[in-house]
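Report on the following structure.
By convention in this document, chain letters (A, B, ...) are assigned in the order of the sequence lines, proteins followed by strands, and residues within each chain are numbered from 1.
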Amino acid sequence: MPELPEVETVVRQLAPRLAGRRVARLVVRDPKLAGARRRDLAGRRIAGVARVGKRIVLEFASRRRGESPCYLEVHLRMTGRLLWAEGWPVTAGAATGRRRLPPPRAVLVLDRGAVLFVDPRRFGTMRWSRERPRPGGLDPTGPGFTTEALARLLAGAGTPLKPWLMRQDRLEGLGNIYASEVTYAAAIDPRRPAGSLTREEVRRLAAATRRILRAAIRHCGTTFSDFQGVLGTVGGYRRYLRVYGRAGEPCPRAGCGARIERIVQQGRSTYFCPRCQR
DNA sequence: GGGTACCTGAAA
DNA sequence: TTTCAGGTACCC
């Protein structure tokens with residue numbers, strides 16, 4: 001499910017529901033998440049929900065002077081979801097059962113309602129920190145994401161462009177879907193060394209990235225199987241994908257007529273138009 | 001850099 | 001049965 005637009009969608013849906021709520025406890029059911037267990041949460045208020053790259057950060061306020069706030073960092077990885085259950089535990093079955101989801105790996109129980117962490121493949125992670133988690137790379141939706149900044153990051157990189165776009169220590173937020181979409185929109189061959197782009201190509205790449213991520217966020221992300229929002233809502237951006245998952249179909253650019261190709265780069269599928277992308 | 005591992009489920 | 005999946009971490 002989650003790249004930047006999907007995570008942003010979760011944060012936007014969760015934030016107004018969680019802001020100011022009091023915590024009862026965090027129930028950790030999956031032994032893989034045992035490290036996220038914590039006893040001293042009762043009575044803390046949720047001070048904020050934010051996105052840092054693809055991570056979701058919940059801030060828990062201190063209860064008294066001298067106590068530190070703490071931060072829960074959730075990474076959904078491939079199949080993780082956070083679901084809002086308004087009437088927990090009464091509606092828990094409704095939230096998870098209706099869609100044949102596995103039982104939640106963890107549940108953050110609030111004074112009213114709960115957040116369920118559902119994650120069939122169990123790749124997702126939760127960890128606590130005392131410090132506010134910091135970005136590891138440049139956020140491609142932020143004001144600092146300019147042609148100049150992108151050019152500086154790309155300089156000298158020999159990695160093929162599309163895998164480079166997924167390096168979270170450079171740009172934080174692009175994943176396998178949007179990396180393909182962005183190179184297509186910028187008309188650049190995803191196999192080109194990332195550092196080989198001309199200034200004009202970097203400009204197109206930056207513009208395409210901003211535009212596509214903004215549109216995907218507006219449509220609440222891309223959903224393939226089932227749902228992704230905290231209420232079980234479906235992301236609507238899928239219909240705007242131009243190349244991802246479209247191997248063998250004609251290139252959507254009018255008059256092109258070439259077939260979209262699927263190749264494997266660093267173990268992941270890349271989709272592109274061999275005629276439009278140079 | 002490239003390959004593999006982590007997991008489960010859906011689809012071919 | 002095999003392949004694939006929106007992500008990362010760890011190996012040489």
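For A/Pro120, whose side chain is taken as the heavy atoms from C-beta onward, the closest listed nucleotide among C/dA5, C/dG6, B/dG9 is B/dG9. Side-chain atoms of A/Glu6 lie closest to C/dG6 of the nucleotides C/dG6, C/dG7, C/dA5. Taking every side-chain heavy atom of A/Lys32 into account, B/dC7 is the closest of B/dG9, C/dG7, B/dC7. In the set B/dC6, C/dC4, B/dG9, the nucleotide with an atom closest to the side chain of A/Arg262 is C/dC4.
Contacts of A/Ser68 classified as side chain to side chain contact (heavy atoms under 4.5 Å, CB included), with partners at least two apart in sequence or in another chain: none. Applying the ring-ring contact (aromatic ring centres under 6.0 Å, His included) criterion to A/Phe117, with sequence neighbours excluded, gives no partner residue. With sequence neighbours excluded, no residue forms a ring-ring contact (aromatic ring centres under 6.0 Å, His included) with A/Phe272. Residues meeting the salt bridge (charged side-chain N to carboxylate O under 4.0 Å, His left out) test with A/Arg132, sequence neighbours left out: A/Glu59. Checked against side chain to side chain contact (heavy atoms under 4.5 Å, CB included), A/Arg21 has the following partners two or more places apart in sequence or in another chain: A/Trp84, A/Glu86, A/Leu110, A/Asp111, A/Arg112. Under the side chain to side chain contact (heavy atoms under 4.5 Å, CB included) criterion, A/Ala15 pairs with A/Val49, not counting sequence neighbours. Qualifying side chain to side chain contact (heavy atoms under 4.5 Å, CB included) partners for A/Ala50, counting only residues two or more places apart in sequence or in other chains: none.
Straight-line distance between the P atoms of C/dT8 and B/dA10: roughly 23 Å, to the nearest whole Å. Using atom P as the reference point in both B/dC7 and C/dC11, the two lie 16 Å apart (nearest Å). With both ends at atom P, the span from B/dT4 to C/dT3 equals 14 Å, rounded to whole Å.
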Only pairs under 3.5 Å count here: list side-chain donor-acceptor contacts from residues 249-260 of chain A, not counting sequence neighbours, and write none if there are none.
unit_1   : atom_1 : unit_2   : atom_2 : d
A/Glu249 : OE1    : A/Arg246 : NH1    : 3.0
A/Arg259 : NH1    : A/Gly248 : O      : 2.9

Donor-acceptor pairs under 3.5 Å, side chain of residues 156-164 of chain A to any protein atom, not counting sequence neighbours: which ones?
unit_1   : atom_1 : unit_2   : atom_2 : d
A/Lys162 : NZ     : A/Asn176 : OD1    : 2.5
A/Lys162 : NZ     : A/Ser269 : O      : 3.1
A/Lys162 : NZ     : A/Thr270 : OG1    : 3.1

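Near DNA chain C, meaning a heavy atom under 4.0 Å from it, residues 264-271 of chain A has A/Arg268, A/Ser269, A/Tyr271 in order of number. Listed by residue number, A/Met166, A/Gln168 are the residues of residues 162-170 of chain A with a heavy-atom contact under 4.0 Å to DNA chain C.
Note: OH (A/Tyr244) to P (C/dG6) measures 3 Å, nearest angstrom. The nearest whole Å value for the distance from the CD1 atom in A/Ile56 to the P atom in C/dT8 is 12 Å. Taking atom CD of residue A/Glu73 and atom P of nucleotide C/dG7, one finds them 17 Å apart after rounding to whole Å. Rounded to an integer number of Å, the gap from A/Arg77 CZ to B/dA5 P is 17 Å. Computed from coordinates, the A/Leu76 CG to B/dC7 C1' distance equals 16 Å when rounded to whole Å. Counting to the nearest Å, the C1' atom of B/dC7 and the CZ atom of A/Arg105 are 9 Å from each other. For the pair A/Leu171 CG and C/dG7 P, the interatomic distance rounds to 14 Å; values are reported in whole Å. Atom-to-atom, CZ of A/Arg81 to P of B/dG9 comes out at 12 Å; the value is rounded to the nearest Å.
When only modelled atom types and interatomic distance are considered, A/Thr141 and A/Arg51 share a side-chain donor-acceptor pair under 3.5 Å.
Consecutive Watson-Crick or G-U pairing (both distances under 3.5 Å) extending over three or more pairs maps onto DNA chain C as B:1-6 with C:7-12, B:8-12 with C:1-5.
Paired with A/Thr147 under the rule side chain to side chain contact (heavy atoms under 4.5 Å, CB included), one option of A/Arg204, A/Arg203, A/Glu200 passes, and it is A/Arg203.
One finds a side-chain N or O of A/His75 lying less than 4.0 angstrom from the OP1 or OP2 phosphate oxygen of C/dT8. At the phosphate of C/dG6, neither OP1 nor OP2 sits under 4.0 Å from any side-chain N or O atom of A/Lys54.
One N or O donor and one acceptor, one from the side chain of A/Arg121 and one from the base of B/dC7, sit under 3.5 Å apart.
A/Thr159 comes within contact range of the sugar-phosphate backbone alone, with a heavy-atom separation under 4.0 Å but no base atom that close.
Put simply, the side chain of A/Glu8 never gets that close to the backbone of A/Leu4: no donor and acceptor are under 3.5 Å apart.
Note: A/Tyr237 and A/His219 have tilted aromatic rings, judged against thresholds of 30 and 60 degrees for the angle between ring planes.
Look at A/Phe123 and the base of B/dC6; the rings stack, centres closer than 5.5 Å and planes less than 30° apart.
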